[in-house]
There are 2 protein chains.
Amino acid sequence: MKNKVQACLTKDDIVDSLKNVGVNPTAQRIAICQFVLCQGDHPTADEIKTWVDQHFPKLSLATIYNTLKTLTDAGVLREYKFPHSGKSFYDNNLVDHYHLLDEESGKLIDIDSKSINVSKGFLKEFTVNKMDVIFYGKHKSQVDG
Amino acid sequence: MKNKVQACLTKDDIVDSLKNVGVNPTAQRIAICQFVLCQGDHPTADEIKTWVDQHFPKLSLATIYNTLKTLTDAGVLREYKFPHSGKSFYDNNLVDHYHLLDEESGKLIDIDSKSINVSKGFLKEFTVNKMDVIFYGKHKSQVDG
DNA sequence: TTTAATGCAAAGCGTTTGCACTGCT
DNA sequence: AGCAGTGCAAACGCTTTGCATTAAA
């Protein structure tokens with residue numbers, strides 16, 4: 001069972017996506033999107049920088065942060081922060097979901113929002129606009145589970 | 001309905017609490033505890049500093065951070081980090097619970113852990129050691145709710 | 001040419017650290 | 001004297017910012 005199935009987008013797909021949300025598709029932004037929208041799995045800014053440095057002549061950290069903000073504001077990405085790390089994580093999964101930090105691999109795994117439910121009593125007492133959940137644990141493998 | 005009922009501890013109570021967990025009850029630590037264990041409501045380090053500056057001749061930020069770490073390690077406090085703020089929040093409620101950020105007041109409200117439950121299916125698939133939940137919303141008052 | 005996007009370096013914020021100093025025992 | 005605890009300032013990690021430079025319409 002795959003955590004996420006993310007078909008690799010072509011450069012043209014990315015250009016279209018950016019245009020669709022009113023973001024000027026510069027070479028730097030396309031490069032960043034190639035990683036974040038496709039290959040990256042909840043990358044941090046520095047992980048993006050590392051990848052981009054190997055695939056793009058020169059691209060500053062400031063541009064990465066600017067671009068991530070632009071893409072987040074445009075609704076192409078979501079930014080997450082978790083208690084276990086000071087860094088921001090960027091997620092191309094735009095559907096509401098939670099996360100599990102796999103304590104063995106250190107990787108974040110997307111968790112379906114149906115996996116938890118909030119008690120009726122609580123919802124009677126509070127108006128909830130948003131909620132964030134992070135689990136710490138690991139996936140039970142078929143072998144040792 | 002009160003969010004938390006926290007009887008104000010006497011200085012002697014605090015001294016005893018610290019001794020009980022093997023922490024040397026210095027004047028600075030007692031001062032910090034007077035706020036954090038009693039009056040404070042999920043204070044941050046700088047809020048603790050502000051209070052302490054008004055009640056103690058001189059106490060450095062470093063000592064506040066050191067003391068918070070000592071108290072957290074000793075199990076007297078819990079440290080929480082939430083996505084909406086870069087700061088750490090310190091909580092004297094040692095019972096497992098979640099939080100709601102009241103978007104009107106900016107205050108954190110303790111939420112009973114019974115308020116949410118995790119689906120059996122999810123728990124069959126993952127081993128969960130810990131989970132953090134934060135709600136963003138507000139308490140429904142009896143008037144406008 | 002005029003406007004947006006970029007790169008760099010500096011500043012920002014919250015926290016941690018190194019080290020000298022203080023004050024108990 | 002010895003040692004834990006403290007204070008200060010510097011360093012830290014991550015992110016944001018100001019501003020000069022570049023590139024694109």
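These numbers come from the heavy atoms of this one structure, side chains and all, not from hydrogens, waters or symmetry mates. Chain letters run A, B, ... following the sequence lines, proteins first and then strands; every chain starts at 1.
Protein chain B contacts DNA chain D over a range whose 5' and 3' limits, counting nucleotides with an atom under 4.0 angstrom from a non-hydrogen atom, are D:dG5 to D:dC8.
Every residue two or more places apart in sequence or in another chain was checked for a ring-ring contact (aromatic ring centres under 6.0 Å, His included) with A:Tyr65, and none qualifies. Under the rule for a ring-ring contact (aromatic ring centres under 6.0 Å, His included), the partners of B:Phe135 that lie at least two apart in sequence or sit in another chain are A:Phe122. Residues forming a side-chain hydrogen bond (donor to acceptor under 3.5 Å, both in side chains) with B:Asn117 (at least two apart in sequence, or on another chain): none. Checked against ring-ring contact (aromatic ring centres under 6.0 Å, His included), B:Tyr136 has no partners two or more places apart in sequence or in another chain. Among residues two or more places apart in sequence or in another chain, the side-chain hydrogen bond (donor to acceptor under 3.5 Å, both in side chains) test is passed with B:Ser60 by B:Thr63.
The pair A:Glu104-A:Lys138 counts as a salt bridge, with a side-chain nitrogen and a carboxylate oxygen less than 4.0 angstrom apart.
Evaluation of the salt bridge (charged side-chain N to carboxylate O under 4.0 Å, His left out) test over residues 67-83 of chain B, restricted to residues two or more places apart or in two chains, returns B:Lys69-B:Asp73, B:Arg78-B:Asp96. For residues 21-40 of chain B, every residue pair satisfying the ring pair (Phe, Tyr, Trp, His ring centres under 6.0 Å) rule, not counting sequence neighbours, is listed here: B:Phe35-B:Trp51. Residue pairs meeting the salt bridge (charged side-chain N to carboxylate O under 4.0 Å, His left out) criterion with at least one partner in residues 43-64 of chain B, sequence neighbours excluded, are B:Asp46-B:Lys87, B:Lys49-B:Asp53. Sequence neighbours left out, not one pair with a member in residues 10-24 of chain B passes salt bridge (charged side-chain N to carboxylate O under 4.0 Å, His left out).
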Strictly under 4.0 angstrom, non-hydrogen atoms only: write out the protein contact profile of nucleotides 8-25 of chain C, one letter per nucleotide from the 5' end, B, S or -. B-----SBBB--------

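Listed by residue number, there are no residues of residues 14-31 of chain B with a heavy-atom contact under 4.0 Å to DNA chain C.
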